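The structure under discussion appears below in the form of structure tokens.
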Amino acid sequence: MTTTDTRFIALKICLTVIEQGRSLSQSLNEGLAQFDDRRERAFAQNLVLGTLRWQLRLEAIREQLLKKPLKAKDADLNQLICLGLYQILYMDTPEHAAVSETVQLTKRLKKPWAKALVNGVLRNFLRDKDRICGEVDKKPAYCYSHPQWFTKTMRQAYPDDWQAILTANNQPAPLTLRVNGLQQTRDQLITRLSEAGVRASPHSFAPQGILLEHSTDVSQLPTYESGGFSVQDGAAQMAACLLDPKPHESILDACAAPGGKTGHLLELSQNQAQVFALEKDPSRIDRLSENLHRLSLTPSAINQGDAADLAELWPEIQFDKILLDAPCSATGIIRRHPDIKWHRTPEDITALTELQSQILKSVWSRLKPGGLLLYATCSVLPQENRLQMTQFLEDTQDAAEMPYLINQQPVEWGRSFDGPGLQILPGLANMDGFYYCLLRKKD
């Protein structure tokens with residue numbers, strides 16, 4: 001496969017995400033399946049992820065260079081120019097190669113007439129790069145490449161941290177593992193990884209967490225096939241730790257797929273808790289089951305159903321503990337899924353907060369007096385987090401916030417921002433953005 005072929009596949013993946021609105025995960029998996037060579041695959045993946053991370057800034061630069069906007073039918077050329085600009089600005093590709101390879105793609109698009117246009121745009125950028133970037137970067141949304149509405153929200157919600165949040169969102173996310181403590185200790189897995197030539201270190205805050213120095217194919221790592229570990233970000237690992245599952249407790253994982261937190265609950269309870277995994281999306285049930293099977297874990301039940309309506313699901317059970325990893329904007333994991341920037345809208349957030357409120361009320365009714373509910377999102381938006389829980393606590397007289405402990409010690413991460421719960425901002429200890437609020441149902 002030639003370098004032009006590799007870039008063409010990357011361009012097609014970007015177009016399906018930006019122009020067709022498809023999810024990056026789905027488009028990337030399908031596109032990268034065409035590669036046999038790992039280096040070509042890695043190059044294409046970096047090109048796609050990087051271009052989508054910096055899409056808004058690249059578009060702003062492109063508009064500075066074009067004498068007039070291209071027609072709607074030439075959206076592929078618009079994206080092609082962004083692809084070339086990304087290579088010039090952010091990759092080690094020699095400038096002449098970035099230009100020539102990008103120009104070559106006009107033939108693959110069957111638009112040879114655009115060869116001079118693309119060549120002229122990219123060469124004009126090289127001649128005036130500093131001035132153009134300086135002009136574009138005067139606007140924070142362009143400088144940090146985030147939608148205007150999201151940039152404004154972050155500035156209002158986190159006046160001292162918004163720049164760090166947006167910067168962290170544009171960084172590649174590290175690969176973090178969670179050791180399966182039923183099979184091995186964290187130190188044992190780190191030693192096995194080292195023997196396999198993989199450099200790893202204990203996570204700063206997650207007791208079962210391991211940070212890898214470089215991303216790799218996890219299926220080739222020692223003990224993967226036998227269920228010795230899972231892939232899970234450090235922030236996500238806090239959920240089961242905070243809920244502190246015990247053997248024989250009845251626990252509802254209300255929005256369970258793909259099963260990472262379900263598995264962790266079972267591991268921490270020595271695979272003896274009665275964990276009921278619920279997932280609304282039937283297409284994700286198989287993956288949930290497969291993940292738990294690989295880990296040799298046995299939940300009490302895996303059901304397809306809506307957590308907002310639990311009336312007919314396990315009606316005889318009142319749960320000791322409930323984990324509600326609520327449907328959310330996923331704005332805390334933008335560094336892993338940069339397409340979130342371009343697929344989320346303010347209207348989505350309104351609908352999500354209403355859904356979260358419905359699910360909260362539904363699952364709260366199934367919690368035993370004295371039981372614990374952990375509300376979690378991978379979001380950094382106050383509407384979904386501290387404002388959501390402020391309203392719930394005002395409306396729910398038998399709910400009280402609890403201290404945040406792991407292994408009976410107060411946690412050393414997260415901030416309250418003058419509201420209930422703890423917010424993890426993206427980048428802290430190499431973690432994603434996450435929110436947790438731990439509640440107890442009064443007797």
Side-chain angles (χ1 to χ4, degrees), residues 23 56 140-141 144-169 233 235-236 238-239 242 254-255 261 280 306-308 322-364 373-396 399-402 404 413-428 431-439:
S23 88
L56 193 60
Y144 293 100
S145 193
H146 282 70
Q148 178 63 37
W149 74 267
F150 185 77
T151 303
K152 182 179 179 181
T153 300
M154 291 298 97
R155 294 184 74 168
Q156 292 173 342
Y158 307 103
D160 298 325
D161 302 282
W162 68 273
Q163 291 167 304
I165 293 170
L166 301 186
T167 298
N169 284 349
D233 183 77
M238 302 304 179
L242 288 171
C255 303
K261 298 178 184 66
K280 182 177 181 180
D306 190 350
I322 295 176
L323 170 58
L324 173 53
D325 185 7
C328 71
S329 63
T331 47
I333 57 173
I334 286 174
R335 61 184 189 159
R336 297 184 186 279
H337 303 280
D339 55 320
I340 290 168
K341 294 182 187 180
W342 321 121
H343 289 167
R344 291 287 178 271
T345 67
E347 292 73 27
D348 293 334
I349 310 309
T350 301
L352 283 166
T353 55
E354 292 174 356
L355 176 61
Q356 292 155 4
S357 179
Q358 293 173 12
I359 297 176
L360 264 168
K361 293 173 183 176
S362 173
V363 299
W364 187 257
L373 180 145
L374 182 65
Y375 176 83
T377 74
C378 54
S379 168
V380 292
L381 297 178
Q383 306 97 300
E384 299 182 280
N385 297 340
R386 62 181 185 267
L387 298 182
Q388 178 75 266
M389 298 312 296
T390 296
Q391 188 64 54
F392 182 77
L393 285 165
E394 289 178 359
D395 296 342
T396 312
E401 187 176 9
M402 294 293 288
Y404 297 88
W413 46 261
R415 292 154 67 183
S416 65
F417 293 101
D418 298 321
L422 291 178
Q423 179 73 59
I424 301 173
L425 297 180
L428 171 68
M431 293 190 290
D432 292 336
F434 244 85
Y435 173 83
Y436 289 111
C437 189
L438 183 64
L439 303 179

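Keep in mind that this is a model prediction, so the values were computed, not measured. Computation of the quantities below employed the complete heavy-atom set of this structure, encompassing side-chain atoms and omitting hydrogens, waters and symmetry-equivalent molecules. One is the number of the first residue; the rest follow in order along the sequence.
Note on residues 374-396: no pairs pass salt bridge (Lys or Arg N to Asp or Glu O under 4.0 Å), not counting sequence neighbours. Listed by first and then second residue, the ring pair (Phe, Tyr, Trp, His ring centres under 6.0 Å) pairs that reach into residues 335-354 come to none, sequence neighbours excluded. For residues 413-428, the set of pairs meeting the salt bridge (Lys or Arg N to Asp or Glu O under 4.0 Å) definition, not counting sequence neighbours, comprises Asp161-Arg415. Identified under the salt bridge (Lys or Arg N to Asp or Glu O under 4.0 Å) test for residues 327-342, with sequence neighbours left out: Asp233-Arg335, Asp233-Arg336, Arg335-Asp432, Arg336-Asp432. Residue pairs meeting the side chain to side chain donor-acceptor pair (under 3.5 Å) criterion with at least one partner in residues 145-160, sequence neighbours excluded, are His146-Asn169.
The ring-ring contact (aromatic ring centres under 6.0 Å, His included) check on Tyr404 picks up nothing, with sequence neighbours excluded.
The minimum heavy-atom distance linking Glu401 with Gly421 is given by the pair OE2-N, 2.8 Å. Closest approach of Leu360 and Leu373 over heavy atoms only: CD2-CD2, 4.2 Å. Here the closest heavy-atom approach between residue Pro426 and residue Gly332 is recorded as CG-O, 4.2 Å. Pairing each heavy atom of Ser329 with each of Ile349, the nearest pair is CB-CD1, 3.5 Å. In plain terms, the two heavy atoms of Ala307 and Ile359 that are nearest each other are CB-CG2, 3.8 Å.
With values rounded to the nearest 0.5 angstrom, Asp325 atom CG is found 6.5 Å from Cys378 atom SG. Distance check, rounded to the nearest 0.5 Å: CG of Leu439 to CD1 of Ile322 gives 10.5 Å. Between the CG atom in Asp306 and the NZ atom in Lys280 there is a gap of 4.5 Å [rounded to 0.5 Å]. In this structure, Phe150 CZ and Ile340 CD1 are separated by 9.5 Å, a value rounded to the nearest 0.5 Å. For the atom pair Asp348 CG and Cys328 SG, the distance stands at 12.0 Å (nearest 0.5 Å). Note that CG of Leu422 and CZ of Phe417 are 10.0 Å apart. Values are rounded to the nearest 0.5 Å.
Distance alone, capped at 3.5 Å, places no donor-acceptor pair between the Ser357 side chain and the Thr353 backbone. Under a 3.5 Å cut-off, the side chain of Thr396 and the backbone N or O of Phe392 do form a donor-acceptor pair.
Side chains of Leu56 and Tyr144 form no contact here, defined as non-hydrogen atoms less than 4.5 Å apart. Proximity of Trp162 to Val380: side-chain heavy atoms (C-beta onward) are nowhere separated by under 4.5 Å. Within the 4.5 Å cutoff, no side-chain heavy atoms of Tyr435 are placed close to those of Gln388. Phe434 places none of its side-chain heavy atoms less than 4.5 Å from the side chain of Met238. Residues Tyr375 and Met389 are in side-chain contact: their nearest non-hydrogen atoms beyond the backbone lie under 4.5 Å apart. Within the 4.5 Å cutoff, the side chain of Cys437 has no heavy atoms near those of the Leu374 side chain.
Side-chain contact of Thr377 with Asn385: a donor-acceptor pair under 3.5 Å is present, judged by distance alone.
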